[in-house]
2 protein chains.
Amino acid sequence: MSSAKINAAIDNLKEAGVRITPQRHAILEHLIESMSHPTADEIYKALEGKFPNMSVATVYNNLRVFKEAGLVKELTYGDSSSRFDCVTTDHYHIICDSCGKIVDFHYPGLDEVESLAESVTGFEVGRHRMEIYGICPECKRKH
Amino acid sequence: MSSAKINAAIDNLKEAGVRITPQRHAILEHLIESMSHPTADEIYKALEGKFPNMSVATVYNNLRVFKEAGLVKELTYGDSSSRFDCVTTDHYHIICDSCGKIVDFHYPGLDEVESLAESVTGFEVGRHRMEIYGICPECKRKH
DNA sequence: TAGACTAATTATAACGATTATAAAGTAATA
DNA sequence: TATTACTTTATAATCGTTATAATTAGTCTA
């Protein structure tokens, strides 16, 4: 049930002292239930039925709020706009070069790479990012 | 000697049927010799002494030409502008969260991750990207 | 509950990176 | 030399995102 996730996220925000406005609730709900990795504009469009007067700025503002609360991650790829991903469990993304679809997959982590980089460069390592690019099954079939 | 690298790159372009204009030569030279990962605008500014009339569009156009020839890679991070990296040997980047510095480091490759992702998702995997983020030694000292 | 304070939303303008366009210049080829 | 294709330039347009100011809504305290 995704409503449990939503409630957990909301509790999380409340504890951080963030007010739960109708807009925030809707954005969060959309992020959790859509199971996709929408752009700010996609969220804006998806909610304009419910909130005809909502401003794009509200979407961006609140995505930032969620990011700061650690609930949402911003995915930045080359072109065009950022996509936003609900942080649930650790996972990586594989992205279709042809249609842009993003699919989650799990992998034990790359601690080894991090520690090698740390010793070679002298950096204090905080995190890493990794994505894989390829062609998804649907696009392969269409080819 | 970096002039050897430049010549190799130029031969590469010529074979691909790309004309070597003074601007292209200068952009390529700057990319190879600067040893950094400049933005389009940094390249533009670095060359405005030599080419007072060069247009930003020229920089962007030629970076695209170099990319298509496989000589240059575009690095896209979250905010602000893309950075451009001469493709020499395979390497990854570690990026300082505090000052933005980018340092190269080598790692044997992540074939294992690619093949796991392939089998789990059904994608035909083409490539991956990975970066590590942390604090560089200089910024640690300043702290 | 009224009044005061704070935070959130809206509407709009501004910004910055990148791309498109059209005109002018340059090189290559016949 | 004439023709053609390619490059560069200058400029305007586009698009995602952020800043601003005004309005609205929530929260708190007396």
Side-chain angles (χ1 to χ4, degrees), chain A residues 9-10 13-31 37-69 71-85 100, chain B residues 9-10 13-31 37-69 71-85 100:
Chain A
I10 286 174
L13 287 171
K14 276 186 185 160
E15 271 174 43
V18 175
R19 249 182 233 171
I20 308 302
T21 64
Q23 291 89 336
R24 287 188 176 157
H25 193 285
I27 294 171
L28 208 49
E29 190 175 4
H30 180 77
L31 268 167
H37 307 79
T39 63
D41 197 59
E42 281 167 6
I43 297 172
Y44 175 66
K45 290 217 165 62
L47 299 180
E48 71 182 355
K50 267 191 218 165
F51 299 87
N53 295 321
M54 185 168 63
S55 163
V56 226
T58 300
V59 177
Y60 280 102
N61 286 342
N62 291 329
L63 286 170
R64 180 159 26 82
V65 169
F66 298 159
K67 257 171 61 184
E68 284 164 3
L71 284 176
V72 164
K73 259 178 123 172
E74 183 173 358
L75 312 175
T76 58
Y77 306 121
D79 315 356
S80 69
S81 17
S82 290
R83 303 190 154 272
F84 295 86
D85 187 23
Chain B
I10 286 174
L13 287 171
K14 277 186 186 162
E15 272 173 44
V18 175
R19 248 184 234 169
I20 307 302
T21 64
Q23 293 89 336
R24 286 189 176 154
H25 193 287
I27 294 170
L28 208 49
E29 190 175 2
H30 180 77
L31 268 167
H37 308 78
T39 62
D41 197 60
E42 282 167 5
I43 297 173
Y44 175 66
K45 290 214 167 64
L47 299 180
E48 73 181 353
K50 267 191 217 166
F51 298 87
N53 296 321
M54 186 168 62
S55 163
V56 228
T58 300
V59 177
Y60 280 103
N61 286 341
N62 291 328
L63 287 169
R64 179 158 28 79
V65 169
F66 299 158
K67 256 171 63 183
E68 283 163 5
L71 284 177
V72 163
K73 259 178 125 174
E74 184 173 357
L75 313 175
T76 58
Y77 305 123
D79 313 358
S80 69
S81 17
S82 289
R83 302 190 155 271
F84 295 87
D85 188 23

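Below, read A as the first sequence line, B as the second, and so on, with proteins coming before strands; counting in each chain starts at 1. Computed over heavy atoms, backbone and side chain alike; hydrogens, waters and symmetry mates excluded.
Listed pair B:R24 / D:dT8 meets the phosphate criterion, a side-chain N or O lying under 4.0 Å from OP1 or OP2. Remark: A:Y60 is not in phosphate contact with D:dT18, judged by side-chain N or O atoms under 4.0 Å from OP1 or OP2. Between B:T58 and D:dT7, a side-chain N or O to OP1/OP2 separation shorter than 4.0 Å is absent.
At a cut-off of 3.5 angstrom, the base of C:dA11 holds at least one donor-acceptor pair with the side chain of A:S55.
Atom pair A:F51:CZ and C:dA8:C1' shows a separation of 13 Å (rounding to whole Å applied). Straight-line distance from the CZ atom of A:R64 to the C1' atom of D:dG16: 14 Å, rounded to whole Å. Rounded to whole angstrom, the span from the CG atom of A:L47 across to the C1' atom of C:dT10 amounts to 16 Å. Whole-Å rounding puts the A:K14 NZ to C:dA7 P distance at 18 Å. Straight-line distance from the CD atom of B:E42 to the C1' atom of C:dA17: 13 Å, rounded to whole Å. Residue A:I20 contributes atom CD1, which lies 13 Å from atom C1' of C:dA7 at whole-angstrom precision. Rounded to whole Å, the distance from OH on B:Y44 to P on C:dG16 is 15 Å.
The residue A:T21 sits close only to the backbone: its heavy atoms come under 4.0 Å of sugar-phosphate atoms, none of a base. The residue B:D41 sits apart from the nucleic acid: no heavy atom pair falls under 4.0 Å.
For B:R19, the side-chain atoms get nearest to C:dA28 when compared with the rest of C:dA28, D:dG16, C:dT18. In this structure, of D:dT9, C:dT10, C:dA17, it is D:dT9 that holds the atom nearest to the side chain of B:A57. Nearest to the side chain of B:S81, among C:dT18, C:dT10, D:dT9, sits C:dT18.
Contact annotation: the side chain of A:T58 never approaches that of A:F51 to less than 4.5 Å [non-hydrogen atoms, C-beta and beyond]. When side chains are defined from C-beta on, B:M54 counts as touching B:V59, because their heavy atoms get closer than 4.5 Å. Between B:H30 and B:K50 the shortest side-chain heavy-atom distance does not fall below 4.5 Å.
Between the CG atom of A:L31 and the CD atom of A:E42 there is a distance of 11.0 Å, given to the nearest 0.5 Å.
Mapping A:N53 and B:N61 onto DNA chain C by nearest heavy atom places A:N53 at the nucleotide closer to the 5' end.
Each of B:Q23, B:R24, B:H25 was compared with B:N62 under the side chain to side chain donor-acceptor pair (under 3.5 Å) criterion, and only B:R24 meets it.
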